[in-house]
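Numbering of ligands and ligand atoms starts at 1, following listing order. When reading the values below, keep in mind they use all heavy atoms of this one structure, side chains included, and skip hydrogens, waters and symmetry mates. Numbers for residues simply follow the sequence, beginning at 1.
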Amino acid sequence: MEDHSWLEKRRKVLELSENGTTILKIGGSVITDKNVELTARTQVIDRLAEEIQRTNTSNLIVVHGGGSFGHPAAQRNSIKDGLKDPSQLIGFAETHHFMTVLNGLVMDSLIMHNVPAVSVTPSSCIATENGRIRYFEDTPLKMLLKTRFLPVLYGDAVLDTKLGFTILSGDQLVSAIAMRFSATRIIMGVDVDGLCDVDPKKEKNAKMLPHLTLAELKKSQHGIGKSTVYDVTGGMLGKVAELVPAIEQGIPVTILNATKPNVVFKALNAERVEGTLIEKE
Ligand code: IP8
């Protein structure tokens, strides 16, 4: 019998791209070595670029994190807290520049893999107010998408109407773009397999959560102090909190391990993957 499964999958992917935009976040801990400043995992970047090319998904926006390029400089110069001393100006410039360097490596790889990727610099089209996005000139981004380019954005050092400047996380950006573009789905590529019911560092019986509704997510957050939902590094909660407004708008979020080969490919290809799917209901 003829195998129609490939055609069926292709149909699903085309349907997803036609119906709406996919936002793919690639965590800084995936594409950099967080323990060594300014160290990119170029092989991982190349593998992900190849996976993106192979899916041939149109209507996709990629956002990547800062890892060991953005965070150390941001921390050294207290960029998130705002402008308090002129000596921080060079720190802001440095943080933004390091992000453009990491972004350049991502762009090199995507373009080498024949992906028509175009970088969109967040600090040039976004300003925040007390750390939240207030102004977002998204016309070029919309035009890029319409022309079938792959726009690539990243967490960045941005200007802030109250603080002078601050750090805009890739996660806030993902949520904001997903809502503006009425995205069909958000895929969060991180360096762990997904969310667990309890802290896997503390409880050896921690179980992976394949599916959560928003109500379940909020209940478990409320349950024990700040959270009962952890990832192995414990840093997932802030990420999930940023995504809540998008999930509330009905945009499903899949948290998956982008350090494992083919996981991002399969997710983009609308195949089932290990991870946590968070939906409104
Ligand atoms: O890694 C932060 O983006 P994130 C970017 O997505 C900087 O939180 C400049 C630290």
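Counting all heavy atoms, side chain and backbone alike, P122 lies closest to Y154 at CG-O, 3.0 Å. Minimum heavy-atom separation, V264 to A258: CG2-CB, 3.7 Å. Annotation for V273 and V263: closest pair CG1-O, 3.6 Å, computed over non-hydrogen atoms.
The shortest contact between atom 6 (O) of ligand 1 and any protein heavy atom is with G170 N, 2.9 Å. Of all protein heavy atoms, the one lying nearest to atom 2 (C) of ligand 1 is H71 NE2, 3.6 Å. Among all protein heavy atoms, the one lying closest to atom 10 (C) of ligand 1 is G70 C, 3.5 Å.
If you look at H96 next to ligand 1, there are no close heavy atoms at all, none under 4.0 Å. Contacts between T95 and ligand 1 below 4.0 angstrom, taking non-hydrogen atoms only, involve the side chain exclusively.
Between R185 and E279, no side-chain nitrogen of the basic residue sits less than 4.0 Å from a carboxylate oxygen of the acidic one, so the salt-bridge criterion is not met. Electrostatic pairing of K266 and E51 does not count as a salt bridge here, judged by no charged N lying under 4.0 Å from a carboxylate O.
Taking every non-hydrogen atom of G155 and a distance limit under 4.0 Å, the qualifying atoms of ligand 1 come out as 3 (O), 5 (C). Heavy-atom proximity to S169, at under 4.0 Å, picks out these atoms of ligand 1: 3 (O), 6 (O), 8 (O).
The closest donor-acceptor contact from the side chain of Q172 to the backbone of I133 lies under 3.5 Å. Without hydrogens or angle criteria, H113 side chain to S109 main chain gives a donor-acceptor distance under 3.5 Å.
Polar contact with ligand 1: present for G66 (N/O pair, distance under 3.5 Å).
Residue K25 places a heavy atom less than 4.0 Å from ligand 1.
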